[in-house]
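Heavy atoms only: backbone and side chains are in, while hydrogens, waters and symmetry mates are out.
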Amino acid sequence: MLRLALVARAASTFPASSHATARNADPDAVFVVSGASRGIGAEFCAQLLERTAGTIVACCRDLSNFDVRLRGHDRVRAIEVDVADVVSVKRLGEQIDRCDVLINNAGVLHDATHRPERSVAEIDPEWLLRSFAVNAGGAVLMTQALATSLRRPAKARPTVVANLSARVGSITDNRGWYSYRMSKSALNMATKCLSIELKRHGTIVVSLHPGTTDTDLSAPYQRNVARDKLFDRSFTAHQLLTIIDGLEWEHTGGFFAWDGEPIEF
């Protein structure tokens, strides 16, 4: 019942826009998702196949890890892309001549030897820079590479750039951690900057908070998460795609949670 109420809340706050309805029915529309090999990214691709008639470009750092459900589908185009590699991202841009929705989903929180730092003494400079390169720089590079493909003439239906941020990127709501929080705050600033520039070219830009979702990224930190606050990937992707489909010009430059509620920067 709680999940149904949350679905209804997001849908009522972000009812599907007429331009999203037209976009989703357009067989020529192109939806680009980074970090698409697994987790929320793969689920975005799977649900976009159900919700839209267009092509889904799945950007994966390692194609060998690409979700088996999506391999070989005639409307899924899987491309190997490392969002922190300028050459790799530029190569992607050269292959895409139209983009209706860009979902910058790729992100990093930890690896085999690094965890979120709770003190300044724990900070590893290389990991700090890696976090910024993937979590903030990656979204900027992807948007830069696809800027021409996103551009629309005046009065055409808008395109969308949705950056997957996190509530921990809010400076107002800060309770610790360093690299991840700082990089997501930087991503939010990028969202605001991009929203100002790209509005002139017909693109809505937002940051979205997915909530704690059952993925490899959150796995080490789920123990203290209340059961009703740990979301499955299908629920999270559905909620965020509902918000994306409900975006209007008044929302550009904003930061929104999975339930449609605005988050303070």
Side-chain angles (χ1 to χ4, degrees), residues 3 7 23-85 87-89 91-96 98-112 114 130 134-135 138-139 141-142 145-146 149 160-164 166 208-222 225 227 230-245 258:
R3 293 290 171 88
V7 169
R23 178 181 68 223
N24 291 348
D26 185 351
D28 294 323
V30 177
F31 304 81
V32 179
V33 182
S34 72
S37 61
R38 52 187 178 176
I40 300 174
E43 193 59 38
F44 274 134
C45 294
Q47 293 193 26
L48 283 168
L49 279 174
E50 298 175 359
R51 298 169 73 114
T52 76
T55 298
I56 293 86
V57 179
C59 303
C60 309
R61 190 162 62 91
D62 182 354
L63 286 176
S64 67
N65 291 327
F66 189 42
D67 194 304
V68 294
R69 297 174 301 166
L70 303 168
R71 294 180 185 180
H73 197 287
D74 61 358
R75 286 202 292 121
V76 176
R77 184 181 175 191
I79 300 178
E80 193 162 272
V81 181
D82 180 347
V83 300
D85 184 318
V87 175
S88 178
V89 176
R91 190 182 301 122
L92 168 73
E94 292 168 349
Q95 298 178 65
I96 306 295
R98 172 175 174 171
C99 181
D100 294 77
V101 176
L102 167 60
I103 302 178
N104 285 312
N105 167 75
V108 61
L109 172 60
H110 60 83
D111 66 7
H114 296 92
R130 173 67 178 168
V134 175
N135 296 336
L141 291 179
M142 289 286 289
L146 297 175
S149 303
V160 173
V161 173
N163 296 325
L164 254 68
L208 299 177
H209 167 54
T212 304
T213 305
D214 188 10
T215 63
D216 292 343
L217 184 143
S218 70
Y221 314 101
Q222 294 178 8
V225 178
R227 187 174 181 180
L230 180 62
F231 306 140
D232 59 68
R233 302 164 197 183
S234 177
F235 174 81
T236 297
H238 177 274
Q239 292 292 95
L240 298 185
L241 288 173
T242 295
I243 293 171
I244 289 170
D245 281 351
W258 48 271

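- Side chain of R61 to main chain of G35: no donor-acceptor pair is present (N/O by atom type, distance under 3.5 Å, no hydrogens or angles).
- Between the side chain of Q239 and the main chain of P210, no donor-acceptor pair closer than 3.5 Å is present.
- Qualifying side-chain hydrogen bond (donor to acceptor under 3.5 Å, both in side chains) partners for R98, counting only residues two or more places apart in sequence or in other chains: D26, D100.
- Atoms CG and CG, from N135 and L164 in turn, are 10.5 Å apart once rounded to the nearest 0.5 Å.
- Applying the side-chain hydrogen bond (donor to acceptor under 3.5 Å, both in side chains) rule to pairs touching residues 28-37 yields nothing, sequence neighbours excluded.
- Scanning all heavy atoms of the two residues, the minimum distance from I244 to R23 falls at O-NH2, 3.9 Å.
- To the nearest 0.5 Å, the span separating CG on L70 from CD1 on I56 amounts to 9.0 Å.
- You'll find the side chain of V108 stays beyond 4.5 Å of the side chain of H114, heavy atoms only.
- How far CD of Q47 is from CZ of F31: 13.0 Å, rounded to the nearest 0.5 Å.
- The distance from atom CG of L102 to atom CE of M142, rounded to the nearest 0.5 Å, is 5.5 Å.
- Partners of R69 by salt bridge (Lys or Arg N to Asp or Glu O under 4.0 Å), not counting sequence neighbours, listed by chain and number: E43, D67.
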Name every donor-acceptor pair, under 3.5 Å, that has one atom in a side chain of residues 76-84 and the other anywhere in the protein, sequence neighbours excluded.
{"residue": "R77", "atom": "NH1", "partner": "Q95", "partner atom": "O", "Å": "3.4"}
{"residue": "E80", "atom": "OE1", "partner": "L63", "partner atom": "N", "Å": "3.4"}
{"residue": "D82", "atom": "OD1", "partner": "A84", "partner atom": "N", "Å": "3.0"}

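- For the side-chain hydrogen bond (donor to acceptor under 3.5 Å, both in side chains) test, residues two or more places apart in sequence or in another chain that qualify with R51 are D245.
- Separating the CD1 atom in I103 from the CG atom in L241 is a distance of 5.5 Å, to the nearest 0.5 Å.
- Within the 4.5 Å cutoff, side-chain heavy atoms of R75 are placed close to those of T52.
- Residues passing the side chain to side chain contact (heavy atoms under 4.5 Å, CB included) test with V68, sequence neighbours excluded: R71.
- Note that the CH2 atom of W258 and the CG atom of L240 stand 10.5 Å from one another [nearest 0.5 Å].
- Take A36 and apply the side chain to side chain contact (heavy atoms under 4.5 Å, CB included) test, not counting sequence neighbours, and it matches V33, C45, A58, C60.
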